[in-house]
Amino acid sequence: MNMNKPIQFLFRSLLMMTTLFAVSAFAQDMHTSGQFQGPKANKGHVTHSTRDGKSILTLSDDFVVPDTPDPHWQLVDSDGNVYLVDKLKTKALVGDKFKKEIGVPSYVKNVSKVVIWCAWAEANLGEASFSSPVH
């Protein structure tokens with residue numbers, strides 16, 4: 001009986017288990033919101049992830065920036081506190097470019113909902129909620 005085959009099988013099993021745990025751990029750090037719902041922002045969703053110990057929110061590739069004067073990222077926590085965080089578009093981002101990703105500020109304890117907010121009209125353009133608050 002060749003002893004190499006059982007050792008190879010054991011090694012491959014161990015490698016597969018390690019890969020499975022790594023993928024599982026990575027997936028646990030990512031959360032996807034529901035689709036944006038609103039009068040102007042109604043496509044796409046937001047993904048929450050952790051990078052270098054920081055919470056990151058990223059808009060999906062199918063998100064369409066509303067054609068409004070001053071769209072912003074706005075975050076809502078589980079207590080209903082609202083945080084106007086950052087502009088989606090700045091003068092440095094010309095054309096159809098926009099700020100697709102933001103770091104969640106440390107003073108925001110969690111995020112239940114992401115709102116696309118028009119600061120000029122003071123209007124909710126659309127929002128996407130997470131099934132449970134993300135940290």
Side-chain angles (χ1 to χ4, degrees):
M1 179 174 187
N2 187 354
M3 287 302 283
N4 282 339
K5 289 208 184 243
I7 292 172
Q8 285 178 350
F9 176 77
L10 182 63
F11 179 73
R12 286 183 180 151
S13 298
L14 183 60
L15 184 62
M16 286 176 34
M17 291 290 285
T18 303
T19 302
L20 180 65
F21 284 129
V23 168
S24 175
F26 179 73
Q28 288 177 358
D29 282 348
M30 293 186 70
H31 308 90
T32 302
S33 72
Q35 182 172 325
F36 274 98
Q37 304 288 320
K40 297 282 186 180
N42 50 32
K43 291 184 180 176
H45 61 271
V46 181
T47 300
H48 170 266
S49 60
T50 304
R51 190 179 318 137
D52 298 327
K54 296 182 182 184
S55 286
I56 306 294
L57 295 172
T58 306
L59 295 167
S60 61
D61 290 338
D62 58 342
F63 177 81
V64 177
V65 178
D67 187 22
T68 58
D70 199 15
H72 280 69
W73 286 84
Q74 190 177 64
L75 309 179
V76 181
D77 70 17
S78 59
D79 292 331
N81 297 312
V82 179
Y83 306 91
L84 189 61
V85 181
D86 208 348
K87 290 183 173 213
L88 264 175
K89 295 178 103 177
T90 63
K91 290 181 181 180
L93 300 171
V94 190
D96 61 351
K97 295 181 181 171
F98 61 97
K99 192 166 194 153
K100 185 176 179 173
E101 181 178 282
I102 62 164
V104 178
S106 59
Y107 56 83
V108 178
K109 74 174 188 173
N110 61 45
V111 179
S112 292
K113 186 187 308 185
V114 175
V115 177
I116 302 302
W117 180 258
C118 179
W120 182 82
E122 296 185 355
N124 180 338
L125 303 173
E127 57 188 53
S129 297
F130 290 99
S131 57
S132 60
V134 295
H135 303 277

Whether Asp77 side chain and Asp79 backbone form a donor-acceptor pair below 3.5 Å:
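Yes, because the side chain of Asp77 sits within donor-acceptor range (under 3.5 Å) of the backbone of Asp79.
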For the residue pair [X] and [Y], what are the closest heavy atoms and their distance?
X	Y	answer
Gly44	Ser60	CA-OG, 3.2 Å
Asn42	Gly38	ND2-O, 3.3 Å
Trp120	Pro69	CE3-CG, 3.7 Å
His45	Ser33	CB-OG, 3.6 Å
Lys87	Trp73	O-CD1, 4.1 Å
Phe130	Val111	CD1-O, 3.8 Å

Quick check for you: to the nearest 0.5 Å, what is the distance between [X] atom [atom1] and [Y] atom [atom2]?
X	Y	atom1	atom2	result
Glu101	Thr47	CD	OG1	10.0 Å
Ser78	Asn110	OG	CG	3.5 Å
His135	Thr50	NE2	OG1	10.5 Å
Trp117	Leu125	CH2	CG	8.5 Å
Ile56	His48	CD1	NE2	8.0 Å
Ser131	His31	OG	NE2	8.0 Å

Any heavy-atom pair between the side chains of [Y] and [X] that's under 4.5 Å?
X	Y	value
Leu57	Leu75	yes
Val134	Ser55	no
Pro66	Ile116	yes

Does [X] belong to the same Ile/Leu/Val/Met/Phe/Trp/Tyr cluster as [Y], with side-chain heavy atoms less than 4.5 Å apart forming each link?
X	Y	result
Val85	Leu59	yes
Val108	Val46	yes
Tyr83	Leu88	yes
Ile102	Tyr107	yes

Would Phe36 and Val114 count as a side chain to side chain contact (heavy atoms under 4.5 Å, CB included) here? Give the steps.
CA-CA 9 Å; Phe36 274 98; Val114 175; 4.3 Å; yes
Determine, for Lys40 against Asp67, whether the closest basic-nitrogen to carboxylate-oxygen distance falls under 4.0 angstrom.
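Looking at Lys40 and Asp67, the cut-off is not met.
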Lys109, NZ atom: more than 12 neighbouring heavy atoms under 6.0 Å
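Counting neighbours around NZ of Lys109, more than 12 heavy atoms of other residues, nucleotides or ligands fall under 6.0 Å, so yes.
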